[in-house]
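First comes the structure, then the notes that go with it.
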Amino acid sequence: GRFQPIEGVSDPVVVRTLVREKSTYAYMVNDSPWPVQATLDLESPRGIQPEELSGWRRLSPPRNGRWVVELAPFDLVAVRFPSAAVRLSNPQVQTAPGVRSTLASRIEDLRNRRAVLQNPPPLAAPSNPGFEEGGVGGAPSGWELAAVRAEEAVLQIDSHQPYAGSRAILLGSRGGGVTLRSAPFAATQTGRLALSVWLRVEDPARQPTLRLAIEGVLDGEEYYRFAPVGAGEQVDRVRSEWSQYVLQIDDLPVAGLSQLRARFDLLGAGEVWLDQVELFDLAFSQAERIALDKNLALAESLWQQSRFGRCWRELEGYWPKYLAANVPLSPAAAAVATPPEPRRSEPAEKQATRPGVLERVRDWWRF
């Protein structure tokens, strides 16, 4: 036969029994990082006592039909009762003091970090993101223009119809390739990078062949990621009104990458207006944010049910640890010394309707 679980909620302790020949075997596993006390109802013939199988420890004997076992973190206890008529039931577990409040603090911390993702702050790079500052040679400060043939490149400051501030730029080509790129900036450590820019064209029927791109040096080799915009099959068109476009990279190397630049590549004749270039290292798509909300809601539900072992395992998952390592708390949240007990999350679908800085993005590209 196989070991069978005992009915009842005993989280974080797993209790199973097996009857074989004239013996009853039982084991308990504490699947948590805290010491716990497990109490079970015990029915057995008079005088039957458990035999600890490892020989390394002494267990308290059952008394008055109740058996209490102390378990260390991630501990295992295995016993044999010299009778097939032993019945264990009604498992109850008492966790160490402070476990409930510790998990509540971690859930509230996760909630606050998740809230930051609704409206993530842009990076300090690139400099001069709105092209408000002049520069040398016609290019705005912090940006440089490169072209296959310099005489075919067009770069003009436009003060008549900017998206934000007082200036935008017109980038154009009369035939050959033209590139506008930012000054270098340091690689992020989140493994993510989103390049956001506002674009428009004068005539939507004349689409530019444009790439939004990130370049850099990875272990001494060229690093280049891009998303096409404008002309081409299955490519998002540029509108005549200002619209936001985003290149999203979710697998940015966190080691060996340097000299990153934002760049815009016109691959042939055409023109496009650009404004408000921003970089984000914590931009998450709506689907990703919904998945995080479900993770948070599950942890809260387990906490409410006092299923602390499973709650702890949820909080030890990849995304909770990722948020703890990479998403800074807002000043208001960081100032709270003792977070309150967690509140029930709103449904993920309801949270997703709240507008954020990247909610205007029509599509997310991943390469």
Side-chain angles (χ1 to χ4, degrees), residues 118-120 122-123 126 128-132 139-140 143 145 147 152-182 193-215 224-250 261-280 283-289 352-367:
Q118 196 66 23
N119 199 13
L123 299 177
N128 196 17
F131 311 113
E132 298 296 310
W143 297 85
L145 183 68
E152 294 182 344
V154 176
L155 183 62
Q156 297 177 2
I157 300 298
D158 183 358
S159 302
H160 299 292
Q161 192 182 346
Y163 166 71
S166 60
R167 294 164 30 130
I169 61 168
L170 169 63
L171 179 67
S173 170
R174 299 187 180 95
V178 173
T179 292
L180 177 69
R181 64 179 187 174
S182 72
L193 187 63
L195 168 62
S196 166
V197 63
W198 289 81
L199 305 174
R200 73 173 183 87
V201 293
E202 191 70 27
D203 182 0
R206 300 171 58 188
Q207 289 288 317
T209 305
L210 179 66
R211 287 181 176 181
L212 317 184
I214 294 291
E215 70 166 59
Y224 182 78
R225 305 285 290 275
F226 72 92
V229 179
E233 296 183 2
Q234 298 182 341
V235 175
D236 209 18
R237 298 294 187 260
V238 183
R239 304 176 181 181
S240 57
E241 68 274 10
W242 286 109
S243 302
Q244 187 185 32
Y245 298 81
V246 174
L247 162 64
Q248 173 74 33
I249 302 173
D250 295 339
R261 296 174 185 259
R263 59 185 281 176
F264 305 97
D265 299 328
L266 272 175
L267 304 185
E271 60 182 25
V272 61
W273 277 259
L274 300 88
D275 202 356
Q276 201 61 28
V277 181
E278 291 182 300
L279 293 164
F280 299 85
F284 281 68
S285 69
Q286 178 176 328
E288 289 174 317
R289 295 196 301 273
T353 63
R354 296 174 179 170
V357 68
L358 295 181
E359 289 305 299
R360 296 177 293 259
V361 180
R362 297 163 57 204
D363 284 304
W364 295 76
W365 295 282
R366 289 176 175 80
F367 297 88

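Source: prediction; values computed, not measured.
- Side chain of R261 to backbone of S182: a donor-acceptor contact under 3.5 angstrom is found.
- Side-chain atoms of V238 and Q207, non-hydrogen and from C-beta on, do get closer than 4.5 Å to each other.
- Of all heavy-atom pairs spanning P120 and A283, the tightest one is CG-CA, 4.4 Å.
- Rounding to the nearest 0.5 angstrom, the gap separating the CD1 atom in I214 from the CG atom in L193 is 4.5 Å.
- L180 contributes atom CG, which lies 10.5 Å from atom CG of L210 (distance to the nearest 0.5 angstrom).
- Partner of F264 under the side-chain contact (heavy atoms from CB on, under 4.5 Å) criterion, out of V272, V277, V229: V277 alone.
- Side chain of Q276 to backbone of A164: no donor-acceptor contact under 3.5 angstrom is found.
- The heavy-atom pair separating Q244 from S196 by the smallest distance is NE2-OG, 2.8 Å.
- The two residues L274 and A168 have their closest heavy-atom pair at O-CB, 3.5 Å.
- The two residues G165 and P162 come nearest to each other via the heavy atoms O-CG, 3.6 Å.
- With rounding to the nearest 0.5 Å, the separation of OH in Y224 from CZ in R263 is 5.0 Å.
- Residues satisfying the salt bridge (charged side-chain N to carboxylate O under 4.0 Å, His left out) criterion with E271, sequence neighbours excluded, are absent altogether.
- Side chain of E132 to backbone of S166: a donor-acceptor contact under 3.5 angstrom is found.
- The distance from atom NE2 of H160 to atom CZ of R167, rounded to the nearest 0.5 Å, is 12.0 Å.
- In this structure, D265 contributes its side chain and L267 its backbone to no donor-acceptor pair below 3.5 Å.
- Considering D158, L145, L155, V154 as possible partners of I169, the one that fulfils the side-chain contact (heavy atoms from CB on, under 4.5 Å) test is L155.
- Here the CG atom belonging to L199 is positioned 14.0 Å from the CZ atom belonging to R237, to the nearest 0.5 angstrom.
- Residues S173 and V178 approach most closely at CB-CG2, 3.6 Å, considering heavy atoms.
- Ring geometry, W143 versus F131: the interplanar angle falls from 30° to 60°, so the pair is classed tilted.
- The two residues V246 and A194 have their closest heavy-atom pair at CG1-CB, 4.1 Å.
- To the nearest 0.5 Å, atom CZ of residue F280 and atom CD of residue Q248 are 10.5 Å apart.
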